[in-house]
Amino acid sequence: MVTRAEPAGAGPDRVSAARAVAAAVPDPELPMLTVADLGILRDVAAEDGRLVVTITPTYSGCPAMREIAHDLRRRLGEAGFAEVTVRTALAPPWSSDWITAEGRRKLRAAGIAPPHAAPPSAGPVPLTLTLSRGPVACPRCGSRDTTQTAAFGATACKALYRCETCREPFEYVKAI
Ligand SMILES: [Zn+2]
């Protein structure tokens with residue numbers, strides 16, 4: 001189902017429609033997550049007839065941000081938003097604690113261990129104080145008897161682990 005937004009004006013309905021489109025853009029490195037799941041979509045607002053989307057970069061040096069900005073402009077363009085500016089907000093710095101509960105659920109469903117609570121210096125006070133800091137639990141069987149096999153996975157934001165209980169390798173999204 002494709003709903004085409006009204007071409008004129010930039011009222012509150014337009015902005016919320018744009019926000020819904022922007023929120024659904026997937027992350028290139030963790031494609032099971034949207035930018036909203038990752039917590040990097042900071043703001044969608046109308047400014048002088050233009051749409052301004054503000055995003056915060058994830059892992060430093062993550063080349064995905066350029067791709068996300070391109071995808072945001074393309075999808076919003078298809079939804080009828082011709083004038084789109086993608087802004088990058090560096091402060092406060094993104095932390096893996098910003099990944100939503102829904103995002104964590106999606107990671108586990110994809111066989112990827114979600115990040116533990118970030119180190120205190122990494123950003124604002126964690127919203128989710130219940131995040132564990134112990135061993136990385138296997139996303140398949142839940143065992144905490146796991147071993148890191150490589151500090152970097154397919155992308156720098158992930159590490160490789162192996163579960164000693166079910167013997168399956170899995171990826172862990174690093175806490176920052
Ligand atoms: Zn396991």
Side-chain angles (χ1 to χ4, degrees), residues 1-110 112-129 131 153-158 171 173-176:
M1 187 183 71
V2 177
T3 42
R4 193 110 190 136
E6 294 296 320
D13 291 352
R14 288 276 290 160
V15 172
S16 60
R19 186 183 297 271
V21 171
V25 169
D27 177 65
E29 297 198 347
L30 297 166
M32 72 293 295
L33 299 187
T34 65
V35 294
D37 293 329
L38 266 177
I40 66 170
L41 183 64
R42 308 305 313 145
D43 192 36
V44 178
E47 278 181 29
D48 302 327
R50 295 181 65 84
L51 192 70
V52 178
V53 179
T54 307
I55 54 176
T56 294
T58 55
Y59 302 87
S60 57
C62 211
M65 298 315 286
R66 192 190 303 258
E67 201 172 325
I68 290 172
H70 177 82
D71 212 12
L72 279 167
R73 281 194 210 90
R74 184 179 59 77
R75 287 178 184 233
L76 286 165
E78 286 169 1
F81 298 91
E83 301 288 318
V84 178
T85 301
V86 178
R87 261 183 217 151
T88 304
L90 297 174
W94 181 84
S95 155
S96 51
D97 291 346
W98 293 11
I99 298 176
T100 64
E102 174 67 4
R104 289 166 195 277
R105 193 194 59 74
K106 288 180 181 173
L107 283 173
R108 268 188 221 99
I112 297 174
H116 285 169
S121 59
V125 176
L127 298 171
T128 320
L129 297 169
L131 298 179
T155 58
C157 59
K158 285 177 281 187
E171 290 177 309
V173 176
K174 295 174 188 172
I176 67 162

Undergrad: Can you confirm whether Trp94 sits close enough to Leu38 that some side-chain heavy atom of one is under 4.5 Å from a side-chain heavy atom of the other?
TA: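 Result yes, sub-4.5 Å side-chain heavy-atom pair found.
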
Undergrad: Inspect the contact between Glu102 and Arg105 and indicate whether a charged nitrogen and a carboxylate oxygen are less than 4.0 angstrom apart.
TA: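 A salt bridge links Arg105 with Glu102.
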
Undergrad: Do Lys158 and Leu30 come close enough that some side-chain heavy atom pair is under 4.5 Å?
TA: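 In short, these two side chains touch, coming nearer than 4.5 Å.
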
Undergrad: Say you draw a straight line from CZ of Arg104 to CZ of Arg108; how long is it, rounded to the nearest 0.5 Å?
TA: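 These two atoms lie 7.5 Å from each other.
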
Undergrad: Is the shortest heavy-atom distance from the side chain of Ile55 to the side chain of Leu72 under 4.5 Å?
TA: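 Sidechains of Leu72 and Ile55: in contact.
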
Undergrad: Looking at every heavy atom in both Ser95 and Ile176, which two are closest together, and how far apart are they?
TA: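 That would be OG-O, 3.1 Å.
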
Undergrad: Using modelled atom types only, decide if a donor and an acceptor are shared between the side chain of Thr34 and the backbone of Ala23 within a distance under 3.5 Å.
TA: yes

Undergrad: Drop me the distance from Met32's CE to Ile112's CD1, to the nearest 0.5 angstrom.
TA: 3.5 Å

Undergrad: Rounded to the nearest 0.5 Å, what separation is found between the NE2 atom of His70 and the CE atom of Met65?
TA: 14.5 Å

Undergrad: Please round to the nearest 0.5 Å and tell me the distance separating atom CG of Leu76 and atom CD of Glu78.
TA: 9.5 Å

Undergrad: Go through the structure and list residues passing side chain to side chain donor-acceptor pair (under 3.5 Å) with Thr54, not counting sequence neighbours.
TA: none

Undergrad: Checking the side chain of Thr56 only, and the main-chain atoms of Ala89 only, is there a donor and an acceptor separated by less than 3.5 Å?
TA: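 The answer is yes, because a donor-acceptor pair under 3.5 Å joins these two groups.
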
Undergrad: Roughly how far, to the nearest 0.5 Å, is OG1 of Thr58 from CG of Leu33?
TA: 10.5 Å

Undergrad: With sequence neighbours excluded, tell me which residues meet salt bridge (charged side-chain N to carboxylate O under 4.0 Å, His left out) with Arg87.
TA: Glu47

Undergrad: Indicate yes or no: at least one non-hydrogen side-chain atom of Pro114 is less than 4.5 angstrom from one of Ile99.
TA: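 Contact flag for Pro114/Ile99 side chains = no.
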
